[in-house]
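Side chains are part of it too, since the values below use all heavy atoms of this structure and drop only hydrogens, waters and symmetry mates. Letters go in sequence order (proteins before strands), and every chain restarts at 1.
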Amino acid sequence: MSLIRYAVVALVPATLAGLIYAVASGLGQSEVTAQRFVNLQEGASPHAGFRRAHAKGFCLAGDFESNGALASYTDAALFQQGQTPFVGRISIAGTNPTAPDMRSPVRSLALSFGTGDADSWRTAMNTPPVMAVATPEAFYAQLAALAPDPATGQRDPARIQAFFASHPETRAFLAWQKTYVPTQSFASERYHSINAFYLVNREGRRQAVRWAAVPAAPVANATPLDAENPQALQDEFMARLKQGPVVFDLVFSLAGTGDDENDPTVPWPETRPAISAGKLIIRATSAESAGNCKDINFDPLILPRGMAATLDPILRARSAAYAESYRRRARESL
Amino acid sequence: MPDLKPDMQPSDTYSRAARIMHWAMALLLFSLIFAGLAMVQSLQSWHLPLITLHKSFGILALILAVIRLVIRLTHVPPALPDNLSAAQQRGARGAHVLLYAAMFAMPLSGLLMQGAAGRPVEFFGLFTIPALLPVQLETYAVLRELHGWGAWGLIALVLLHITAALHHGLIRRDTVLRSML
């Protein structure tokens, strides 16, 4: 009898410990976890202290001048008529914090409004208007296909081709890639939210939207950039800013019938209503350092009152992967 | 025997309030631990609602921990059995102090690390707790690691607590386990 009692004393905590260990090691998780995703992104030799994606960038400061045109769609404070300061970051895709500017296939503009109150908003916008894939599993497979072979250091074209052939949802992305010509300035790119979100108004009515930062006026370069200069785009932007602020329109596109707000691979028709919410006025830049945009995780799920997340699986996954990247570089900062 | 009023008599059991708080907290801590361990890995769509609930229940746990501490300090707990050695009594008291410390450290580090990352924390959609700290990567790093490793400390303490309680109830067969039932 006493043996049974001893067994209970041992087995109850042992079972609990086993269950906790199993959950901590991924019980119930899809094969692709935030940790595995970031492991794949950072590769064999991570750049300690840097973001695991878009490692190279610089900080911005400026103001958003809202014209109030979205006020009937959202009660977000920053979309009422008025001015809200922001900090931000312009970056290029890739894991290498010293990569040459002109080599990167993707550029991005990230913004952060407010810090930690209910009106805070973060958005990380990129040059492609759509995602290549619609799920974190497919995104993982895409990254794996694009990763260089550890033995040769080269990408495997056959593997890349096989990936895109087996993922027809990549069609719109590939079509964009074919026609996209990188510009000679960060100031002349269009930066897209890619994922859709909801604007929520006072009555609780939701409208699915995507948005883009679009140059407010045509931007011309006096001289073509020196592609060999690894800082070519950064230097150009700093020089441009000395002449005056860089201004983008923040243009919202409203989903119509038949548009799936949960699928980031399909562009919405050009005929959808587009509303300019106001002007993003970039007034200053600085190198990343403590106290500026370096401290910020541009998590697209930090949304103000008056905005809400869609069920887009990529959007949800972005947030979780950014959090893991943020934890890693935070730990490395100590 | 002096004629004591019933509620003044040294009791073998914890007060009803303390027992309710104990079992409510037990449920809450297990949900928070399992949600926490799962949500930091997930790339799935349930990640967002789970993390939102974890934060709300974490704030609730902090509120309950304060109430619990008040109950603990205003009610006389049952005495430990006489046949426990002085070392065991010290161990038991030390473990309980650590459990109380963890019940405060976990929600506080969680709440503060959100502040250091510039993230608002919502309480069941009722109100938003603004960031309590300036946004700073290093502060976030310290609090985030404290929260992560603190969870393992709390798990170890809870398992020790359960093992000791069962040992009292089933092997020693003294009053300790019964005092909380």
Side-chain angles (χ1 to χ4, degrees), chain A residues 2 4-6 8-10 12-14 16-17 19-20 23-24 26-30 32-37 112 114-120 122 136-137 139-140 290-291 294-297 299 301-302 305 309 311-313 315-317 319-321 323-324 326-327 329-334, chain B residues 30 33-49 51-52 113-122 127-145 147-148 151-152 155-156 158-171 173:
Chain A
S2 82
I4 294 175
R5 291 200 301 268
Y6 273 103
V8 171
V9 173
V12 169
L16 267 170
L19 190 58
I20 288 168
V23 170
L27 177 73
Q29 301 285 347
S30 142
V32 182
T33 61
Q35 287 71 32
R36 285 200 65 197
F37 197 91
S112 165
T115 48
D117 55 36
D119 295 322
S120 299
R122 311 266 164 90
E137 288 77 14
F139 198 8
Y140 186 87
K294 189 178 188 186
D295 295 335
I296 296 175
N297 168 13
D299 177 348
L301 289 185
I302 298 183
R305 269 184 297 223
L311 288 174
D312 177 348
L315 174 60
R316 306 291 178 106
S319 178
E324 176 65 17
Y326 190 58
R327 182 188 185 182
R329 69 184 178 95
R331 187 161 43 197
E332 291 154 1
S333 76
L334 291 179
Chain B
F30 273 109
I33 286 168
F34 280 114
L37 292 174
M39 74 193 191
V40 294
Q41 303 173 59
S42 173
L43 286 181
Q44 302 307 309
S45 291
W46 48 263
H47 166 264
L48 179 63
I51 216 162
T52 310
M113 83 187 198
Q114 294 303 316
R119 269 174 177 283
V121 175
E122 260 194 29
F127 57 88
T128 302
I129 302 170
L132 299 169
L133 291 173
V135 182
Q136 216 222 353
L137 193 64
E138 287 80 6
T139 318
Y140 173 81
V142 171
L143 292 163
R144 176 65 185 84
E145 297 308 314
H147 197 69
W152 288 108
I155 288 166
V158 166
L159 291 177
L160 179 69
H161 179 76
I162 293 170
T163 312
L166 289 174
H167 189 259
H168 279 287
L170 295 176
I171 311 296
R173 304 218 224 177

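Formation of a donor-acceptor pair under 3.5 Å by the B:Glu145 side chain with backbone atoms of A:Ala330 is not found in this model. Within the 3.5 Å criterion, the main-chain N or O of B:Ala38 finds a donor-acceptor partner in the side chain of A:Gln29. A donor-acceptor pair under 3.5 Å links the side-chain atoms of B:Gln41 to the main chain of A:Ala24, judged by distance alone.
Of the listed residues A:Arg122, A:Glu332, A:Arg36, the one with more heavy-atom pairs under 4.5 angstrom with chain B than any other is A:Arg122. Looking only at heavy-atom pairs under 4.5 Å with chain A, the residue among B:Gly169, B:Ala164, B:Ser45 that has the most is B:Ser45.
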Practice problem: I would like to know whether A:Arg327 and B:Arg144 meet side chain to side chain contact (heavy atoms under 4.5 Å, CB included); could you show each step before the answer? | Solution: CA-CA 7 Å; A:Arg327 182 188 185 182; B:Arg144 176 65 185 84; 3.3 Å; yes

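Neither the backbone nor the side chain of A:Arg305 comes within less than 4.5 Å of any heavy atom in chain B. For B:Ala156, no part sits under 4.5 Å from any heavy atom of chain A, backbone or side chain. At a 4.5 Å heavy-atom cutoff, A:Leu27 makes no contact with chain B through either its backbone or its side chain. Interface residue B:Ile162: only side-chain heavy atoms are found under 4.5 Å from chain A. With a 4.5 Å cut-off on non-hydrogen atoms, A:Leu311 touches chain B through its backbone but not through its side chain. For B:Val142, the parts lying near chain A are the backbone and the side chain together; criterion is any non-hydrogen pair under 4.5 Å. For A:Pro136, the part sitting under 4.5 Å from any heavy atom of chain B is the side chain, from C-beta outward, and nothing else. Using a 4.5 Å cut-off between heavy atoms, A:Phe37 touches chain B through its side chain atoms alone.
Residues that satisfy the ring-ring contact (aromatic ring centres under 6.0 Å, His included) test with B:Phe30, not counting sequence neighbours, are absent from this structure. Legend: residues meeting side-chain hydrogen bond (donor to acceptor under 3.5 Å, both in side chains) with A:Ser120, ordered by chain and number and at least two apart, are A:Asp117.
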